[in-house]
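Once you've had a glance at the structure underneath, I'll fire off some questions.
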Amino acid sequence: MGRIIWQLGCLGSKPSKFNLTIFLLSQLSVVLGPHDVKVGIKALGICGSDVHHFKTMRCANFIVKKPMVIGHECAGIIEEVGSEVKSLAVGDRVALEPGISCQRCNLCRDGRYNLCPEMKFFGSPPTNGSLANKVVHPANLCFKLPENVSLEEGAMCEPLSVGVHACRRAEVGPETNVLIMGAGPIGLVTLLAARAFGSPRIVIVDVDDCRLSIAKNLGADEIVQVSTNIQDMGEEVAKIQNAMASKIDVSFDCVGFNKTMSTALNATGTGGKVCLIGLAQSEMTIPLTMAAVREVDVIGIFRYRNTWPLCIEFLRTGKIDVKPLITHRFGFSQKGIEDAFQTSAAGGNAIKVMFNL
């Protein structure tokens, strides 16, 4: 299950704000396994974790210790198939699920392969990513795209999968009123997923009025602008509850700060659920006791599992439209990569920055 990368974007070994180079590995070769496919990457999005790696050489406990390729939100075209691959053919357009689990541990056998301790995940140290011309990947992690779903939309299946997995974990349905903390890319795909799962009312909260405006255009029923000051939380919780105008059944914290999680716990109705998606802080101080006596369940998610077929179906049927999230596009060149990461890191009106290779 190795990967070969001919031309790639590679992080250097010395930490730097924008330390990136492109080079050619034309002499490398790898045997295409019988169950593998070679994919020419055509579309790749920049994730927040990529930006963390790019700027600080780490994301949470994943630390860049040697030059490596980043990127994991990708789609491309099959160029070669292994001898045992029957489900795909040369020329097929596919979206790639970026994590290769061991398939042997108890978690994998129980179907929770996203929690596999031996997971090899594109662009997560020390595993090279897919910001590359070509990669070799297991065929069962490559999903054929319908004719009416573009390669860019295929690449968006990866962030969308986070929202879909979160909605499954929180059991969002037609009677679930949803609060979303954070209107960044993950908050916005969670909004789209929650609506596709049938949520009748969604309120989204952020500090940035530009992001909130985008959320409103994407279908949020109400938007609430808040501050970064935790002293404002009591007043803001009341404002959020008034905006919902009903019990908040499920809250998704797509940020992961003390304040966002505390706000979600306080705003969520008795017997509801709070799902932590964002991981901005490795440790938080939050009001768990008061949430516990109201039987507010706290659940976590890590990446996703078994989501690509549903994401592709949502895109095929038009139940979810991710195209408005793609705000910037860049080519695969030294300058293009540097400009793309600077644009993504700056935030502002940049939601999803996409490479066209």
Side-chain angles (χ1 to χ4, degrees), residues 1-6 30-45 47 71-101 103 108 111 113-114 119-123 127-165 167-168 189 192-193 196-197 303-323 325-326 329 332 352 354-357:
M1 294 186 181
R3 289 192 303 280
I4 175 67
I5 302 170
W6 275 260
V30 67
V31 176
L32 187 74
H35 300 284
D36 294 339
V37 293
K38 184 191 296 180
V39 183
I41 299 297
K42 300 299 180 184
L44 184 137
C47 173
H72 56 268
E73 302 177 0
C74 55
I77 299 174
I78 300 290
E79 296 186 355
E80 188 177 346
V81 300
S83 59
E84 298 297 319
V85 175
K86 309 300 180 187
S87 58
L88 297 169
V90 172
D92 284 345
R93 300 176 315 119
V94 293
L96 284 68
E97 181 172 350
I100 305 172
S101 61
Q103 303 180 38
C108 285
Y113 66 87
N114 58 309
M119 176 71 76
K120 294 178 174 60
F121 192 89
F122 276 152
T127 306
N128 280 323
S130 53
L131 181 52
N133 291 127
K134 306 174 193 293
V135 301
V136 169
H137 206 50
N140 68 326
L141 296 176
C142 298
F143 298 85
K144 188 174 179 179
L145 296 173
E147 289 185 5
N148 67 332
V149 176
S150 70
L151 287 162
E152 286 189 339
E153 291 172 283
M156 288 295 294
C157 284
E158 198 281 338
L160 180 58
S161 285
V162 175
V164 167
H165 182 51
C167 286
R168 283 176 170 172
V189 294
L192 296 176
F197 275 80
R303 295 173 179 157
Y304 34 68
R305 57 178 176 267
N306 301 315
T307 52
W308 259 253
L310 181 57
C311 289
I312 290 172
E313 182 63 9
F314 280 153
L315 297 174
R316 185 191 69 82
T317 60
K319 201 167 186 179
I320 287 180
D321 182 7
V322 294
K323 293 189 292 294
L325 298 180
I326 304 170
R329 294 172 173 84
F332 188 47
K352 182 56 61 179
M354 186 75 64
F355 288 109
N356 296 130
L357 284 74

Problem - Gly154 versus Ala75, closest heavy-atom pair with distance - result: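 Looking at all heavy atoms of both residues, the shortest contact is C-CB, 3.9 Å.
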Practice task
For Lys352 and Leu325, indicate whether the former's side chain and the latter's backbone hold a donor-acceptor pair under 3.5 Å.
Solution key: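 Checking the backbone N and O of Leu325 against the side chain of Lys352, no donor-acceptor pair under 3.5 Å is found.
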Handout entry: Any side-chain heavy-atom pair of Val39 and Cys142 under 4.5 Å
Key =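 Yes, at least one pair of side-chain atoms sits under 4.5 Å.
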Problem - Atom pair CG (Asp321) and CE (Met156), whose distance is rounded to the nearest 0.5 Å - result: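 Asp321 atom CG to Met156 atom CE measures 10.0 Å (nearest 0.5 Å).
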Exercise for the section: Calculate, to the nearest 0.5 Å, the distance between atoms OG1 and CD1 belonging to Thr307 and Ile312 respectively. Expected result: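 So the gap between those two atoms works out to 9.5 Å.
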Exercise for the section: Report the residue from Glu152, Glu153, Glu147 that forms a side-chain hydrogen bond (donor to acceptor under 3.5 Å, both in side chains) with Ser150. Expected result: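 Among Glu152, Glu153, Glu147, the one that satisfies the side-chain hydrogen bond (donor to acceptor under 3.5 Å, both in side chains) with Ser150 is Glu153.
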Practice task
Answer whether the closest heavy-atom distance between the side chains of Arg303 and His165 falls below 4.5 Å.
Solution key: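 No; the side chains remain at least 4.5 Å from each other.
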Problem - Test item: Val94 and Val37 side chains (from C-beta on) under 4.5 Å apart, heavy atoms - result: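 No; the side chains remain at least 4.5 Å from each other.
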Handout entry: CD1 on Ile77 to CG on Leu357, rounded to 0.5 Å
Key =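 If I round to the nearest 0.5 Å, the distance is 11.5 Å.
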Handout entry: Closest approach of Met119 to Asn114 (non-hydrogen atoms, all atoms of both residues)
Key =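 Here Met119 and Asn114 meet closest at CE-CA, 3.9 Å.
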Exercise for the section: First locate atom CZ of Arg93, then atom CD1 of Ile78, and finally report the distance between them rounded to the nearest 0.5 Å. Expected result: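 Between atom CZ of Arg93 and atom CD1 of Ile78 there are 11.5 Å.
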Practice task
To the nearest 0.5 angstrom, please state how far the OG1 atom of Thr317 sits from the CG atom of Asn148.
Solution key: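 It is 9.0 Å, given to the nearest 0.5 Å.
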Handout entry: Side chains of Asn133 and Phe332 in contact at under 4.5 Å (non-hydrogen atoms)
Key =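 In short, these two side chains touch, coming nearer than 4.5 Å.
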Practice task
Have a look at Glu79 and tell me which of Lys134, Lys42, Lys38 forms a salt bridge (charged side-chain N to carboxylate O under 4.0 Å, His left out) with it.
Solution key: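 One option only clears the test, and that one is Lys134.
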Practice task
Please examine the side chains of Phe122 and Cys74, heavy atoms only from C-beta on, and report whether any two atoms are closer than 4.5 Å.
Solution key: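 In short, these two side chains touch, coming nearer than 4.5 Å.
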Practice task
Check whether any side-chain heavy atom of Leu310 sits under 4.5 Å from a side-chain heavy atom of Arg168, and report yes or no.
Solution key: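 Of all side-chain heavy-atom pairs linking Arg168 with Leu310, at least one is under 4.5 Å.
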Handout entry: Residue pair Asp36 / Val85, side-chain heavy-atom distance below 4.5 Å
Key =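 Asp36 does not reach Val85 side chain to side chain.
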Handout entry: Contact summary for Ile320 and Leu315, nearest pair of heavy atoms
Key =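 That would be O-CD2, 3.6 Å.
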Handout entry: Short side-chain donor-acceptor distance under 3.5 Å, Asn140 and Glu97
Key =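 The criterion, which ignores hydrogens and geometry beyond distance, is not satisfied for Asn140 and Glu97.
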Handout entry: Heavy-atom pair of closest approach, residues Val189 and Pro159
Key =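 Shortest heavy-atom separation between Val189 and Pro159 comes out as CG2-O, 3.4 Å.
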Problem - Minimum heavy-atom distance between Val164 and Phe314, given as atom pair plus value - result: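 Scanning both residues completely, I find the closest heavy atoms to be CG2-CE1, 4.3 Å.
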Practice task
Output the distance between atom CG (Asp92) and atom CZ (Phe143), rounded to the nearest 0.5 Å.
Solution key: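 Spacing of CG (Asp92) from CZ (Phe143) equals 13.5 Å.
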Exercise for the section: Might you point out which heavy atoms bring Val322 and Leu160 nearest each other, and give the distance in Å? Expected result: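 Answer, listing the atom of Val322 first, then Leu160: CG1-CD2, 4.3 Å.
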Practice task
Look at the aromatic rings of Phe121 and Tyr304 and report parallel, tilted or perpendicular, splitting at 30° and 60°.
Solution key: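 If you compare the ring of Phe121 with that of Tyr304, the planes turn out tilted.
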Exercise for the section: Any chance you could lay out the side chain to side chain contact (heavy atoms under 4.5 Å, CB included) test for Thr127 and Ile100, step after step, and finish with the verdict? Expected result: CA-CA 10 Å; Thr127 306; Ile100 305 172; over 6 Å; no
